[in-house]
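To keep things clear, I will list the structure first and then write my remarks on it.
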There are 2 protein chains.
Amino acid sequence: MTALSTTRRSTRQRDVISRVLEVAEGPLSVTDILARTQAELPGVGLATVYRTVKLLCDQETVHPVTLDGETLYEASGRGHHHHFSCTACGRVFTLHACPVSIPAGSVYPGGFVVEAHEVTLYGRCPDCAGTVPQEPGHRL
Amino acid sequence: MTALSTTRRSTRQRDVISRVLEVAEGPLSVTDILARTQAELPGVGLATVYRTVKLLCDQETVHPVTLDGETLYEASGRGHHHHFSCTACGRVFTLHACPVSIPAGSVYPGGFVVEAHEVTLYGRCPDCAGTVPQEPGHRL
DNA sequence: CTCATTGCAAAACGTTTGCACAAAA
DNA sequence: TTTTGTGCAAACGTTTTGCAATGAG
């Protein structure tokens, strides 16, 4: 693959996979991406999804989010945000409110220089809020 | 296996693996646990580490931490804490200072009921603080 | 034509499990 | 003895890769 071609080839599946990630309400698993891509392009294979996602990650168009042992992917460039994982239905949402204020370069007790942070909130999403609360599980 | 035996058997490797996790400065990968266990008990196999870690997880003596796509394990019962991942040396540390205050039951904009939270800080650990800052990587 | 991209199948990787043996009770 | 725990190797699920065929330029 050349680094850049002057004219962009029309790569159907890459475009579809990109769009699937763009319009998602939160990060998706590879399986989710495959299913949503196949809804539009029935013949697509799993390897293509893995390859395309890796390519998009290298381009920094997309980035991985690891959550509860599963790797999900989301489109980049959505600004600073965090994730909410519903302990009832398992869906992951994007939250734009940030509960921490740690300027880059802050020094934490012990001499840890903080450059970035990641926050995941666990609880019940709006759809599940009326449900019986679940154990957050002992991962936390 | 019975749920409980009245007299506890002396299970050498389990004790060593537990202690390895107890004295660790932060969560460890299975490979780390294996290496540290073998330093004391040379013949130990990988399957034993997996089995023992799973057992300790079921007992809630230990719990998994997923970070950057890798699953690490740490001893439970260390109180509320978070993790610091060094972008220079890759080590993960435990931090007892908590940068967020979200009481259980708080409702986030959009109707998300928060029951727990997880924070990971990225940056340079004390040992690497003098080093040239690294890109935090575009996972963040 | 050339060459990037694809689907398929095989390989590689991390984790789990079956089994025969060893050690403890 | 019975029972639990072990190492080894095979099995398993997920992700990656080799390769021949397809499709775009």
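Every chain is numbered from 1, with letters handed out A, B, ... down the list of sequences. On a predicted model such as this, the values are computed, not experimentally measured, just so you know.
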Steps toward salt bridge (Lys or Arg N to Asp or Glu O under 4.0 Å) verdict (R91(A), E25(A)): CA-CA 10 Å; R91(A) 283 184 294 169; E25(A) 70 291 349; 5.9 Å; no

Spacing of Y50(B) atom OH relative to dG13(D) atom C1', expressed in whole Å: 13 Å

Spacing between L72(A) atom CG and dT14(D) atom C1', to the nearest angstrom: 14 Å

Separation of atom CZ in R14(A) from atom C1' in dT5(C), rounded to whole Å: 9 Å

Closest to side chain of K54(B), choosing from dT17(C), dG7(C), dT15(C): dT17(C)

d(CG, D15(A); C1', dG23(D)) in whole Å: 15 Å

Any residue meeting side-chain hydrogen bond (donor to acceptor under 3.5 Å, both in side chains) with S29(A), in chain and number order, not counting sequence neighbours: D32(A)

Approximate separation, where rounding is to 0.5 Å, of S85(B) OG and L121(B) CG: 9.5 Å

Spatial distance of atom NE2 (H96(A)) from atom NE2 (H80(A)) [nearest 0.5 Å]: 11.0 Å

Interface with DNA chain C, restricted to residues 34-44 of chain A and to heavy atoms under 4.0 Å: G43(A), V44(A)

Distance, rounded to the nearest Å, where L55(A) contributes CG and dT17(D) contributes P: 13 Å

dG7(C) base / R51(A) side chain donor-acceptor hit below 3.5 Å: yes

E118(A) and H83(A): side chain donor to acceptor below 3.5 Å: no

Atom-to-atom span, OH of Y73(A) to C1' of dT14(D) - whole angstrom: 11 Å

Under 4.0 angstrom between Q13(B) side-chain N/O and dG5(D) OP1 or OP2: no

Rounded distance in Å - CZ (R12(A)) to P (dT22(D)): 20 Å

Grab the N/O contacts between the protein and nucleotides 9-12 of chain D below 3.5 Å, and write none if there aren't any.
none

Nearest-0.5 Å distance, CD1 of residue I17(B) to OG1 of residue T48(B): 7.0 Å

Parallel, tilted or perpendicular: ring planes of F84(B) versus F112(A), cut at 30 and 60 degrees: tilted

Plane angle bin for H117(A) and H82(A) - parallel if under 30°, tilted between 30 and 60°, otherwise perpendicular: tilted

Spacing of OG belonging to S76(B) relative to CD belonging to E60(B), to within rounding of 0.5 Å: 7.0 Å

